[in-house]
Amino acid sequence: MSAPRPAVNPPNVQSYCHLFYISDSQQAQIERLQALIVQHQLPIVLNTERLHDKLTQKRRQQLSQTSSVPILVLDQKDKLSWLSDGLSVAPEWDKLQRRVVSAGRKSELLLQAAKVTADSRVIDATAGFGHDSLILASTGAQVTMLEQQPLMALLLLVEQQRMSAQPNWQKLMSRLQIVNTDALSYFATLPADMTGATKAVDVVYLDPMFPEDSYQDSKTGKGAKVGKHMQALHQLASPPTLDEERQLLQHAQAIVRDSDKQGRVVVKRPQLAPSLANQQPHESWHNEAVRFDGYFV
């Protein structure tokens with residue numbers, strides 16, 4: 001999940017980041033990390049430093065409190081994570097394996113709402129940690145993942161590279177394209193008419209940031225709890241304004257108009273949150289915690 005408006009750095013401004021690593025044997029991995037930054041033109045300046053003490057929870061907390069820039073950690077298991085308020089967060093796509101394998105419209109509200117198939121083209125305009133992109137791509141669909149924050153885009157690229165080394169994940173990884181950009185800028189690069197050689201976009205998926213107090217009912221306290229991944233994202237991005245929500249929805253709807261199928265925009269919201277841009281959806285799918293609003297074109 002990302003937001004149309006960044007809280008920290010505007011686009012194309014260099015982001016400084018500190019990478020702590022454990023062993024000199026990790027130099028090759030650090031070089032691959034730097035290569036990804038160059039290859040994808042991420043505006044990240046990575047300063048590296050070896051830790052000579054154990055990376056305990058207390059040490060993670062100390063590092064978080066003393067640094068004025070984002071921190072990445074390469075731990076003893078060669079796992080790259082972002083250190084946010086002392087908590088290590090990473091995409092960890094392998095932990096979703098059972099869910100990805102069994103994903104279907106019966107078990108996944110997102111797939112009920114999106115109705116994607118193996119020949120669909122999908123844009124996940126607010127990728128975040130990429131978990132919903134995996135579910136969408138599990139159908140065989142091609143998914144373009146847009147992530148505005150360079151740090152998050154780097155974590156996604158590293159995870160895609162890591163999972164591509166596992167044979168049973170390679171086909172799924174090949175269906176994902178990760179782009180470090182904001183949704184509105186990306187939409188502006190797409191041709192106005194995609195009925196020709198360019199494959200039309202069938203679904204645009206939006207999961208914009210929303211205020212932390214919109215996850216639970218203010219009176220009853222019921223609703224979804226905010227997990228560590230969501231807490232971390234709130235450190236990087238702010239919720240969009242109402243005007244930005246309108247722009248995002250309008251541009252997304254324009255993108256799917258050329259679909260051979262019924263183009264649709266699917267928006268993820270907390271169950272109790274208002275509709276995006278206060279626009280009523282054509283249909284909604286929900287459980288006790290989350291709601292998917294569908295806008296059909």
Side-chain angles (χ1 to χ4, degrees), residues 1-4 99-100 103-128 130-148 172 175-179 181-196 198-210 240 242 244-271 273-287 289-297:
M1 175 181 303
S2 175
R99 185 179 166 200
V100 168
R105 293 186 185 177
K106 287 186 177 180
S107 61
E108 295 289 344
L109 280 179
L110 172 56
L111 297 185
Q112 292 177 31
K115 289 183 169 54
V116 292
T117 59
D119 62 346
S120 297
R121 182 184 173 196
V122 181
I123 295 176
D124 182 349
T126 47
H131 296 171
D132 288 335
S133 288
L134 290 186
I135 300 302
L136 291 164
S138 71
T139 63
Q142 299 289 326
V143 180
T144 300
M145 303 167 62
L146 310 182
E147 176 48 53
Q148 177 172 336
L172 179 58
R175 295 196 291 269
L176 301 176
Q177 179 190 16
I178 299 164
V179 184
T181 186
D182 69 278
L184 293 179
S185 296
Y186 184 81
F187 292 161
T189 68
L190 298 177
D193 182 2
M194 292 193 291
T195 57
T198 305
K199 175 73 169 71
V201 176
D202 301 300
V203 177
V204 172
Y205 176 57
L206 303 173
D207 184 8
M209 192 71 69
F210 21 77
L242 183 60
E244 288 166 341
E245 287 187 354
R246 290 194 188 102
Q247 289 185 59
L248 197 58
L249 183 57
Q250 289 171 2
H251 283 76
Q253 289 174 309
I255 293 301
V256 299
R257 284 204 176 101
D258 292 325
S259 172
D260 295 334
K261 309 170 187 178
Q262 182 187 51
R264 59 181 57 204
V265 177
V266 176
V267 183
K268 184 179 183 179
R269 309 294 282 168
Q271 162 67 335
S275 301
L276 186 71
N278 292 328
Q279 297 295 310
Q280 287 301 310
H282 293 96
E283 191 171 350
S284 292
W285 296 259
H286 64 86
N287 57 27
V290 70
R291 188 181 80 240
F292 293 96
D293 293 339
Y295 300 83
F296 309 145
V297 179

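Values reported hereafter were calculated over all heavy atoms of this structure, with side chains retained and with hydrogens, waters and symmetry mates removed. Note that this is a predicted model, so its numbers are computed, not measured.
In terms of heavy atoms, L109 sits closest to H286 at CD1-C, 3.6 Å. Of all heavy-atom pairs spanning E245 and P240, the tightest one is CG-CG, 3.8 Å. Closest approach of L206 to T126, counting heavy atoms only: C-OG1, 3.6 Å. A pairwise comparison of heavy atoms in S133 and L176 identifies O-CD2, 4.1 Å as the closest pair. The two residues R264 and A114 come nearest to each other via the heavy atoms CD-O, 3.4 Å. Across V204 and A252, no two heavy atoms sit closer than the pair CG1-CB, 3.7 Å.
Residues K268 and D124 are not paired through a salt bridge, judged by the lack of any N-O separation under 4.0 Å between the basic side chain and the carboxylate.
Checked against side chain to side chain donor-acceptor pair (under 3.5 Å), Q253 has no partners two or more places apart in sequence or in another chain. For R105, the side chain to side chain donor-acceptor pair (under 3.5 Å) criterion is met by no residue, not counting sequence neighbours. With sequence neighbours excluded, no residue satisfies salt bridge (Lys or Arg N to Asp or Glu O under 4.0 Å) with K115. By the salt bridge (Lys or Arg N to Asp or Glu O under 4.0 Å) test, R257 is found to be paired with no residue, residues two or more places apart in sequence or in another chain being considered. Checked against side chain to side chain donor-acceptor pair (under 3.5 Å), S259 has the following partners two or more places apart in sequence or in another chain: D202. Residues meeting the side-chain contact (heavy atoms from CB on, under 4.5 Å) test with T144, sequence neighbours left out: I123, L146, Q177, V179, Y186. Scored by the salt bridge (Lys or Arg N to Asp or Glu O under 4.0 Å) test, D260 finds no partners at all (sequence neighbours excluded). In this structure, the side chain to side chain donor-acceptor pair (under 3.5 Å) partners of Q247, at least two apart in sequence or on a different chain, are D243.
Residues L184 and L248 meet the side-chain proximity criterion, which asks for heavy atoms closer than 4.5 Å. Looking at heavy atoms from C-beta onward, V267 lies out of side-chain contact with D207 at the 4.5 angstrom threshold. Annotation: side chain of L136 is not in contact with side chain of L134 (no heavy-atom distance under 4.5 Å). The closest side-chain heavy-atom distance from V143 to Y205 is not below 4.5 Å. Put simply, the side chain of D119 reaches to within 4.5 Å of the side chain of K261, judged on heavy atoms. Using a 4.5 Å cut-off on side-chain heavy atoms (C-beta onward), E147 and I178 make no contact.
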Checking side-chain contact (heavy atoms from CB on, under 4.5 Å) for the pair I135/V100: CA distance, chi angles, key distance, verdict? CA-CA 6 Å; I135 300 302; V100 168; 4.3 Å; yes

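Considering OG1 of T139 and CG of L172, their distance stands at 9.5 Å, rounded to 0.5 Å.
The closest donor-acceptor contact from the side chain of Q148 to the backbone of T181 lies at 3.5 Å or more, if one exists at all.
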Give the table of side-chain donor-acceptor pairs shorter than 3.5 Å for residues 289-297, with sequence neighbours excluded, one pair per line with atom names and distance.
{"from": "R291", "atom 1": "NE", "to": "D293", "atom 2": "OD1", "distance (Å)": "2.9"}
{"from": "R291", "atom 1": "NE", "to": "D293", "atom 2": "OD2", "distance (Å)": "3.2"}
{"from": "R291", "atom 1": "NH1", "to": "P270", "atom 2": "O", "distance (Å)": "3.3"}
{"from": "R291", "atom 1": "NH1", "to": "Q271", "atom 2": "O", "distance (Å)": "3.0"}
{"from": "R291", "atom 1": "NH1", "to": "A273", "atom 2": "O", "distance (Å)": "2.9"}
{"from": "R291", "atom 1": "NH2", "to": "A273", "atom 2": "O", "distance (Å)": "3.1"}
{"from": "R291", "atom 1": "NH2", "to": "D293", "atom 2": "OD2", "distance (Å)": "3.1"}
{"from": "D293", "atom 1": "OD1", "to": "S284", "atom 2": "OG", "distance (Å)": "2.7"}
{"from": "Y295", "atom 1": "OH", "to": "Q279", "atom 2": "O", "distance (Å)": "2.6"}

